[in-house]
Amino acid sequence: MPAKSARSPWWYKHAYLVRLVGLFLSVTLSIVCVNTSDRTATGSNIIWLANGLVLAFLLMAPRWRWPMYICVSFFGMLLGSLLISESLSMSLLYNALNLVEILIGAFLLKRKSTDLPSFADYKYLLRFLGAACLLGPVTSATIFGVVMHIARNDDFLITVLNWSIGDGLGIAVVTPTFAAILHSRMRTTGLLRRNWIFPTLALGATALVFSQNRLPLLFLVYPFLVLVLTRLDLGWAALCTLIVAIVGGWCTVHNLGPLAMATTVGPEWKTAIFQLYLAGGMFTLYSISVVFGNLHKTETELRQIAALHKLVVDNSRDAIVLGDLDGRQTYVSPGIRALAGWDPKDLVGRLFRDLIHPADLAEVEMAMRALRAGSEGGTLDYRARKRDGEYFWAEGSLRVYRDPATGRPIGFLNLVRDITERKRSEEHLHSAYRAMETLVVVDALTGIANRRRFDDALTTEWRRGLREGNKLSLLLIDADHFKRYNDNYGHVRGDSCLKQIAESALDVVLRPGDLVARYGGEEFAVILPGTDEAGARNVAEDICDSLRNRRLPHEGNAPGIVTVSIGCATIIPQRGKSTQDLIEAADQALYRAKARGRNRVIVAGESPQPESTPIAIDLPKFRRLDPR
């Protein structure tokens with residue numbers, strides 16, 4: 001880097017000093033040249049260039065450098081004014097007001113030190129026209145008009161108009177030109193080499209228009225200025241306009257060119273017409289510049305979006321598919337190569353359904369019909385065929401897309417993702433869940449169904465009975481005086497006793513559709529689908545007999561062995577009733593069995609019988625025929 005700096009031209013090393021010197025000389029020469037070239041008979045300038053030049057330097061420089069630029073500009077203006085034989089007092093007044101005019105525009109346009117002018121931005125352009133071309137010149141012109149009216153009795157309105165128009169035009173023409181030069185856009189010679197013909201045509205048209213005074217061809221220059229603007233930039237167009245202003249101003253002052261044809265008006269009106277001509281040209285250029293600036297901005301944004309889209313699409317692990325509503329694919333992203341081995345061009349034009357596994361085709365077709373019917377889309381899983389003929393599980397996120405003009409659905413977007421591994425994991429998870437579910441519905445102590453399994457089974461049988469009109473019976477079983485058993489023999493033997501009760505019920509309940517479950521604590525339940533009251537009583541009596549036959553000692557129970565009380569209930573499921581009605585009926589029967597002395601079976605709805613001593617141990621040992 002140091003070696004490279006050593007070989008740099010000296011003006012790069014002293015760029016700031018070069019700019020100050022260039023500003024000083026440019027301001028001085030612009031005042032001298034303008035005064036000698038376009039001074040009218042009224043004593044005013046057609047276009048004042050110095051202020052626009054200084055404003056361009058300020059807009060391109062950071063604010064902390066403004067004091068030096070302002071000092072150099074003031075002395076350059078003062079020297080230029082003295083060279084054109086202005087008195088010192090008038091020079092000081094002129095140049096002080098010039099700086100006021102410049103600073104108004106500079107402060108209002110450069111809000112931050114790092115801001116750069118952007119004449120293609122319509123907001124900035126409006127601020128430039130309002131602040132720099134109107135407010136600044138009018139403010140200084142008003143002050144100057146008041147002073148000159150008091151000191152010399154000059155016409156206030158004419159003085160203000162001459163100052164405002166000349167300075168405003170100068171800023172409008174010169175500031176964009178020199179801002180472009182300082183911004184280095186016009187130093188790109190490659191652009192000029194490719195489009196040199198357009199500035200040449202503009203200058204040729206200018207020479208043609210102002211070299212004769214027979215045809216009013218003033219506006220012939222405008223199209224060539226627009227060509228310069230569109231094929232190069234606003235800086236070159238403003239520079240060409242500046243040349244038009246200098247050439248046309250000189251011709252107008254010397255009564256040459258098309259305006260010489262206006263023999264009935266004086267020099268001041270010719271000057272006003274030419275100033276209006278320049279203002280119209282600059283307004284045209286600025287307007288077109290805004291349009292092209294917006295177009296350029298839009299094109300840049302579109303290129304960025306396209307580049308970002310290509311980056312995302314080319315590097316996405318998912319495949320992006322576009323198609324019409326008939327299912328024919330119109331675009332397939334490169335991601336399909338890694339996903340399924342297909343080349344995108346092999347799939348464009350093919351039907352979406354051609355790659356779907358036959359078993360999943362109906363679901364995919366249903367989703368496509370829903371899109372055609374107005375659905376916004378959804379997500380579905382299906383198997384898609386790879387190039388080698390194998391299938392993989394894919395998740396398709398289907399979305400409809402619409403015509404921007406009419407809003408009518410015209411196609412679908414499908415984001416395809418490989419979910420084969422996820423499907424394997426889900427299958428493993430389902431297997432584990434099924435194994436866990438098997439454990440969850442089994443009572444850990446007795447090995448029979450638990451309360452959850454009981455609730456599910458009772459609901460299922462209730463629905464079946466409701467559908468088929470069959471009877472449904474329920475037995476609720478309670479161990480007699482089980483708390484005393486735990487107190488006398490301990491909880492370990494209490495658990496063993498509960499297992500014996502469950503086994504006794506299982507010895508009797510043998511049909512596949514029946515279910516023995518632990519209802520809670522020392523309570524058990526038996527679901528008997530398709531069983532009437534008599535059948536339910538027989539099963540209950542057999543369970544009592546089976547347990548008595550085991551002869552499990554129980555000193556706290558009157559018979560001396562473990563016994564149970566059973567409540568039976570039978571119902572035909574009907575709408576308006578629920579399983580809770582069956583449970584409550586069986587529970588009431590169980591309560592009556594316990595109230596009558598336990599060790600017995602009570603069927604819900606049977607008439608109360610006279611109290612009798614419960615049969616204890618020596619009941620007949622025979623197996624009842626199941627009448628169900």
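Considering only heavy atoms from C-beta on, Y124 comes within 4.5 Å of P117 through its side chain. Looking at heavy atoms from C-beta onward, V228 lies out of side-chain contact with R231 at the 4.5 angstrom threshold. Two residues are said to be in side-chain contact when any heavy atoms from C-beta on lie closer than 4.5 Å; I158 and N162 meet this criterion. In this structure the side chain of F24 never reaches within 4.5 angstrom of the side chain of V21, judged on heavy atoms. Taking 4.5 Å as the limit, some side-chain heavy atom of N51 sits within range of a side-chain heavy atom of M77. For the pair L116 and M60, the minimum side-chain heavy-atom distance is below 4.5 Å. The closest side-chain heavy-atom distance from Y331 to V321 is not below 4.5 Å. Put simply, the side chain of M368 reaches to within 4.5 Å of the side chain of F412, judged on heavy atoms.
Rounding to the nearest 0.5 Å places CD of E86 at 6.5 Å from CE of M90. Atom CG of residue L347 and atom CD1 of residue I336 lie 6.0 Å apart, to the nearest 0.5 angstrom. Atom CG of residue L99 and atom OH of residue Y94 lie 15.0 Å apart, to the nearest 0.5 angstrom. A distance of 11.0 Å separates OG1 in T241 from CG in L169, rounded to the nearest 0.5 Å. Annotation: the span from E395 atom CD to N414 atom CG amounts to 10.0 Å, rounded to 0.5 Å. Distance check, rounded to the nearest 0.5 Å: OG1 of T200 to CG of N195 gives 10.5 Å.
Taking the six-membered ring where the residue is Trp, the centroids of F57 and W66 are separated by 6.0 Å or more.
Within the structure, no pair that satisfies the ring pair (Phe, Tyr, Trp, His ring centres under 6.0 Å) test touches residues 281-308, not counting sequence neighbours.
Other residues, nucleotides and ligands place no more than 12 heavy atoms under 6.0 Å from the CZ atom of R111. The number of heavy-atom neighbours closer than 6.0 Å to CZ of R353, taken from other residues, nucleotides and ligands shown, is 12 or below. Shown here is R417, whose CZ atom has no more than 12 heavy atoms of other residues, nucleotides or ligands within 6.0 Å. Summarising the local packing, CE of M261 is surrounded by more than 12 heavy atoms from other residues, nucleotides or ligands at distances under 6.0 Å.
D167 contributes no side-chain N or O that, together with a main-chain N or O of G170, makes up a donor-acceptor pair within less than 3.5 Å. For the pair S164 (side chain) and A141 (backbone), a donor-acceptor distance under 3.5 Å is absent. R152 places no side-chain N or O within 3.5 Å of a backbone atom of V147 that could act as its donor or acceptor partner. Of the possible polar contacts, one joining the S30 side chain to the V27 backbone as a donor-acceptor pair under 3.5 Å is found. In this structure a side-chain-to-backbone donor-acceptor pair under 3.5 Å is missing from T28 to G80. Side chain of R372 to main chain of L325: a donor-acceptor pair is present (N/O by atom type, distance under 3.5 Å, no hydrogens or angles). Listed for the S397 side chain is no donor-acceptor partner under 3.5 Å among the backbone atoms of L415. Panel note: side chain R328, backbone G349; a donor-acceptor pair is recorded below 3.5 Å. Between the S81 side chain and the S91 main chain, no donor and acceptor come within less than 3.5 Å of each other.
Here the closest non-hydrogen pair linking I31 and A50 is CG1-CB, 3.9 Å. A pairwise comparison of heavy atoms in V54 and S73 identifies CG1-OG, 3.3 Å as the closest pair. In plain terms, the two heavy atoms of L108 and A131 that are nearest each other are CD1-CB, 3.7 Å. Closest non-hydrogen pair, D343 versus R387, comes out as N-NH1, 4.0 Å. Nearest heavy-atom pair across L413 and Y401 is N-CD2, 4.1 Å. For the pair G52 and V174, the tightest heavy-atom approach, listed with the atom from each and the gap, is C-CG1, 3.7 Å.
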>> If you apply the rule side-chain contact (heavy atoms from CB on, under 4.5 Å), what do you find for V160 with F144, and how did you get there?
In response: CA-CA 7 Å; V160 171; F144 182 71; over 6 Å; no
> Would L79 and F74 count as a side-chain contact (heavy atoms from CB on, under 4.5 Å) if you check the C-alpha gap in whole Å, the side-chain angles of each, and the deciding distance to 0.1 Å?
Replying inline: CA-CA 9 Å; L79 178 60; F74 180 77; over 6 Å; no
>> Checking V416 against D318 for the side-chain contact (heavy atoms from CB on, under 4.5 Å) test, could you report, in this order, the C-alpha distance in whole Å, the side-chain angles of both residues, the deciding distance, and whether it holds?
In response: CA-CA 6 Å; V416 184; D318 299 343; over 6 Å; no
>> Does E101 form a side-chain contact (heavy atoms from CB on, under 4.5 Å) with I171? I'd like the steps, not just the answer.
In response: CA-CA 10 Å; E101 174 184 310; I171 290 175; 3.4 Å; yes
> Can W342 and D346 be said to form a side-chain hydrogen bond (donor to acceptor under 3.5 Å, both in side chains), step by step?
Replying inline: CA-CA 7 Å; W342 292 100; D346 295 336; over 6 Å; no
Scan the side chains in residues 216-227 for donor-acceptor partners under 3.5 Å anywhere in the protein, sequence neighbours excluded, and list what turns up.
from	atom 1	to	atom 2	distance (Å)
Y222	OH	Y277	O	2.4
Y222	OH	G281	N	2.9

